[in-house]
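Scroll down for the structure; my scribbles are underneath it.
Order of the sequence lines fixes the chain letters, A, B, ..., with proteins taken first and strands second; residue numbering starts at 1 for each chain.
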Amino acid sequence: MNLFVGNLPFTTSDHDLRGLFEPFGQVDSARVITDRETGRSRGFGFVEMPDDAGRAAIEELDGSDMGGRNIVVNEARPKR
DNA sequence: CATGAGCGC
């Protein structure tokens with residue numbers, strides 16, 4: 001399933017994201033979205049993983065603390 | 001190359 005991860009610290013990298021979700025299951029892909037013009041982080045990202053692992057990750061990570069901020073994790077919407 | 005609600009090229 002596709003997961004949307006928001007409210008991330010600007011210092012969070014795609015690898016950091018993967019490390020967060022790996023404990024819950026196979027991480028198909030994990031990436032933090034960066035601004036195409038400046039390259040700086042937009043503070044949110046996407047993670048793809050099995051359905052069961054995704055549901056577990058949402059319950060454990062949504063609202064959890066990361067870098068001093070409470071991150072948001074929920075199912076992502078279809079790409080625009 | 002800036003910044004803080006929002007959904008990726």
Side-chain angles (χ1 to χ4, degrees):
Chain A
M1 74 186 290
N2 284 46
L3 299 176
F4 170 81
V5 188
N7 202 40
L8 296 169
F10 292 119
T11 53
T12 304
S13 68
D14 53 351
H15 183 265
D16 293 323
L17 249 194
R18 171 176 287 269
L20 267 181
F21 289 82
E22 268 177 344
F24 301 95
Q26 183 72 25
V27 177
D28 181 59
S29 75
R31 63 174 180 180
V32 174
I33 305 305
T34 53
D35 192 287
R36 64 170 182 80
E37 297 180 55
T38 66
R40 66 174 171 75
S41 172
R42 282 192 179 180
F44 71 92
F46 291 93
V47 176
E48 296 179 50
M49 65 198 317
D51 178 73
D52 57 319
R55 278 187 270 101
I58 290 175
E59 294 185 36
E60 290 296 325
L61 297 178
D62 182 41
S64 70
D65 181 89
M66 180 185 183
R69 295 165 184 77
N70 283 74
I71 66 175
V72 177
V73 182
N74 46 51
E75 189 170 4
R77 295 175 175 166
K79 263 201 241 176
R80 221 178 357 178

**OP:** Check ring-ring contact (aromatic ring centres under 6.0 Å, His included) between Phe24(A) and all other residues, then give those that pass, not counting sequence neighbours.
**Re:** none
Original post:
NA contact type, Asp14(A), heavy-atom cut-off 4.0 Å: base, sugar-phosphate, or nothing?
Top reply: nothing
**OP:** Have a look at Leu3(A) and say if it touches a base, only the backbone sugar-phosphate, or nothing, with a 4.0 Å heavy-atom cut-off.
**Re:** nothing
Original post:
Nearest 0.5 Å, what's the OG1-CE distance between Thr11(A) and Met66(A)?
Top reply: 7.0 Å
Original post:
Out of curiosity, Leu20(A) CG to Leu8(A) CG, how far, rounded to the nearest 0.5 Å?
Top reply: 8.0 Å
I want to verify a distance call: between [options], whose nearest atom is closest to the [X] side chain?
| X | options | value |
| --- | --- | --- |
| Phe10(A) | dG6(B), dT3(B), dG8(B) | dT3(B) |
| Arg69(A) | dG4(B), dG6(B), dG8(B) | dG4(B) |
| Phe4(A) | dG8(B), dC7(B), dG4(B) | dC7(B) |

Subject >> Stretch residues 26-41 of chain A: residues that reach within less than 4.0 Å of DNA chain B through a heavy atom >> reply: Arg31(A), Ile33(A), Glu37(A), Thr38(A), Arg40(A)
Length of the [atom1]-[atom2] vector between [X] and [N], whole Å:
| X | N | atom1 | atom2 | result |
| --- | --- | --- | --- | --- |
| Glu75(A) | dG6(B) | CD | P | 19 Å |
| Asn2(A) | dG6(B) | CG | C1' | 16 Å |
| Glu48(A) | dG8(B) | CD | P | 14 Å |

**OP:** Evaluate salt bridge (charged side-chain N to carboxylate O under 4.0 Å, His left out) for Arg18(A) paired with Asp14(A), printing each intermediate quantity in order.
**Re:** CA-CA 6 Å; Arg18(A) 171 176 287 269; Asp14(A) 53 351; over 6 Å; no
